[in-house]
Amino acid sequence: MEHSTPPSSELLEIAIGVARDAAGTAYRMRAEGVSVAATKSTITDVVTAADRAVERQITAALRQLRPADAVLGEEYGTAERGNQPPARVRWIVDPIDGTVNYLYGLPHCAVSIAAEVDGQVVAGVVRNIHTGEEWTATVGGGAWRAGQRLRCSTETDLAQALVVTGFGYDPRRRAHQARVVAELIAHVRDIRRLGAAAVDLCLVAEGRADAYYEKGLAAWDQAAGALVAAEAGLRIGGLKGLAPGPDMVVAAPPALFDALHDHLARLDASGGP
Ligand code: LIP
């Protein structure tokens, strides 16, 4: 096993370089025209040829740069490592987060790459494929975009909070999530459904919305974005003291977290199908 691991700043530099190339490929493939290559959990859970090509490109680049590391990607899962000893560094990759937006040409989708050391995410980059906006963070090193250190919203009143959320691909789960939104919407400024968790978390990190929550996220949807959000001052958690995860990810300024949490718990937002 690798004894010393590189500083998170070095892992971030690797992630940024790989993400920029990958976003370029995704952008070019979109311009050439994309279509649904296959569906996954439901008929609306689509994958395009670009999702697969971009993930293969990212995995190959990371393999080249850091052969001993593990890679977990949305489309191919954990990349094969032969009989190598366990890796201390694992890369968590969403080649195109917001695939439905990507398919429809909506400019809210991104390459998301996070570096995890001994189980803790220490560096992450989220790069919007269309706009080129790039959010980065390292643990203790802050969150950044375009050379600016990011700070989350200072809103303290939930009734004036702009809240971002999302819906899964399973119609029964969507119905449950819609019931939660139907109740919550009377207690907040407004709701936004933008369609890419990684970018959603980064927008909240820089105060372009006040808070975010979603049920059903996989590690690759949120690993990098959640680090950017936490380093910008947001509190990240699940419900009822649980860690953020597939059941629920809530990201809110400390002053708003409990109020939002309590509504979501009351509405059983982490429950349902
Ligand atoms: C998407 C998430 C989004 C969620 C969608 C989907 P994908 O990830 O980023 O927040 O609402 O249902 O899970 O499938 O585009 O990688």
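Whatever order the structure lists them in is the order used to number ligands and atoms, beginning at 1. Every heavy atom of this structure was used, including side-chain atoms; hydrogens, water molecules and symmetry mates were not.
Distances between N or O atoms of Leu217 and those of ligand 1 include no value under 3.5 Å. Checked against a 3.5 angstrom limit, the closest N/O atoms of Asp45 and ligand 1 fall outside it. Considering both main-chain and side-chain atoms, Gly166 never comes within under 3.5 Å of ligand 1 through any nitrogen or oxygen pair. For a threshold of 3.5 Å applied to N or O pairs, the pair formed by Val100 and ligand 1 contains no separation below that value. The shortest N or O to N or O distance between Glu214 and ligand 1 is below 3.5 Å. Checked by distance only, ligand 1 and Asp221 come closer than 3.5 Å through their nitrogen or oxygen atoms.
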Under the salt bridge (Lys or Arg N to Asp or Glu O under 4.0 Å) rule, what do Arg56 and Glu75 come out as? Steps first, then yes or no, please.
-> CA-CA 9 Å; Arg56 288 195 302 271; Glu75 305 312 336; over 6 Å; no
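In this pair, Tyr27 and His130 present their aromatic rings perpendicular. The plane angle is above 60°, beyond the 30 to 60° band.
Judged as a ring pair (Phe, Tyr, Trp, His ring centres under 6.0 Å), and not counting sequence neighbours, the contacts of His263 are His187.
If you check which protein heavy atom lies closest to atom 1 (C) of ligand 1, you get Asp97 OD1, 3.8 Å.
At least one side-chain heavy atom of Leu203 sits less than 4.5 Å from a side-chain heavy atom of Val199.
Counting the atoms of ligand 1 from 1 in the order shown, those under 4.0 Å from a heavy atom of Ile96 are 16 (O).
Checked for salt-bridge contact, Glu134 and Arg145 miss the test: no charged N lies under 4.0 Å from a carboxylate O.
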